[in-house]
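Below: one structure, written as structure tokens.
These figures come from a predicted structure and were not determined experimentally.
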Amino acid sequence: MPNSPVITPLPVEGQPFSKTADVSAFQLQVPISSETANEHGRVDAGYILKLIDVAGCIPAKRHLGPLLDPVTASLDRMDFYAPVHPWEICSLDAKMTSVWKTSMETRVVVTAWNFRTSETRLIATAYMVTVAVKNQGGEKVGANAIPLLQAITPEDKMLQHSADVRKQYRAFESSRTRFIPLVDDEDLPATTQAP
């Protein structure tokens with residue numbers, strides 16, 4: 001029946017259903033006006049970063065389904081290749097690259113299309129990591145509670161492999177970086193020693 005609703009079963013704890021990257025892929029197109037330009041006639045990087053955060057979370061939300069929400073944990077890598085100018089159309093193509101136990105990675109490719117010259121330029125690429133939380137209460141979900149990502153095409157398999165490499169690099173970097181937790185004063189040790 002053409003008008004019947006599509007019913008997708010909810011994932012079962014420990015046995016999530018797998019989905020493909022194409023199911024959750026998303027494209028955001030934003031016309032750039034002169035109001036977003038700085039004194040040099042270019043769009044600020046912060047504005048592009050905001051668009052990347054919005055576009056990158058949508059495939060994660062589509063992948064998670066109605067009961068879970070994505071929360072941005074990190075913008076792992078951000079490379080700008082060219083500026084965006086006013087009166088161009090900025091396109092952000094977001095696609096899931098990998099899913100782990102409680103987190104996911106999304107790749108966002110930013111291009112700009114000049115409608116006067118029909119030129120399309122690569123502006124930036126970004127990899128962002130989101131974690132899944134319950135949308136009732138906001139607590140983090142348990143391990144293996146989110147659907148797996150099934151890589152079908154050669155590009156999807158390459159993206160999944162490179163995402164796993166980036167995850168290992170992030171783990172290495174975080175083990176080398178010492179973070180100071182936000183705790184009450186009474187929880188702090190009386191003295192600290194250098195490593």
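A heavy-atom distance below 4.5 Å is not found between the side chains of Val133 and Glu139. Contact of the Asp69 side chain with the Lys61 side chain is registered, since non-hydrogen atoms from C-beta on lie closer than 4.5 Å. Looking only at side-chain heavy atoms (C-beta outward), Met128 and Asp53 come within less than 4.5 Å of each other. Contact check for Asp79 versus Tyr81: side-chain heavy atoms found under the 4.5 Å cut-off.
Using modelled atom types, one finds a donor on one side chain and an acceptor on the other under 3.5 Å when comparing Thr97 with Glu105. There is no side-chain donor-acceptor pair under 3.5 Å between Tyr127 and Ser74. With hydrogens and angles left out, the side-chain atoms of Glu119 and Asn114 include no donor and acceptor closer than 3.5 Å.
Transitive grouping of hydrophobic side chains (ILVMFWY, heavy atoms separated by less than 4.5 Å) brings Met78 and Val43 into a common cluster.
Residue His85 comes nearest to Glu88 through the heavy atom pair N-OE1, 3.0 Å, listed as atom of the first residue, atom of the second, then distance. Nearest heavy atom pair, residue Ala21 against residue Lys95, reads CB-CE, 3.7 Å. Scanning all heavy atoms of the two residues, the minimum distance from Arg121 to Ala82 falls at NE-CB, 4.3 Å. Between Pro66 and Asn135 the shortest heavy-atom distance is O-ND2, 2.6 Å.
Taking CZ from Arg170 and OG from Ser103, the interatomic distance works out to 7.5 Å, rounded to the nearest 0.5 Å. The structure places CG of Leu92 at 5.5 Å from CG of Leu51, a figure rounded to the nearest 0.5 Å. If you take OG1 on Thr106 and CD1 on Ile52, they are separated by 12.0 Å, rounding to the nearest 0.5 Å. Between the CD1 atom in Ile146 and the CG atom in Leu64 there is a gap of 6.0 Å [rounded to 0.5 Å]. Atoms OG1 and NZ, on Thr102 and Lys140 in that order, are 4.0 Å from each other to the nearest 0.5 Å. Atoms CG and OG1, on Leu148 and Thr20 in that order, are 12.5 Å from each other to the nearest 0.5 Å.
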Output, in order, the C-alpha distance, side-chain angles, deciding distance and verdict of salt bridge (charged side-chain N to carboxylate O under 4.0 Å, His left out) for Glu155 and Arg107. CA-CA 12 Å; Glu155 180 189 15; Arg107 180 187 70 170; 3.4 Å; yes

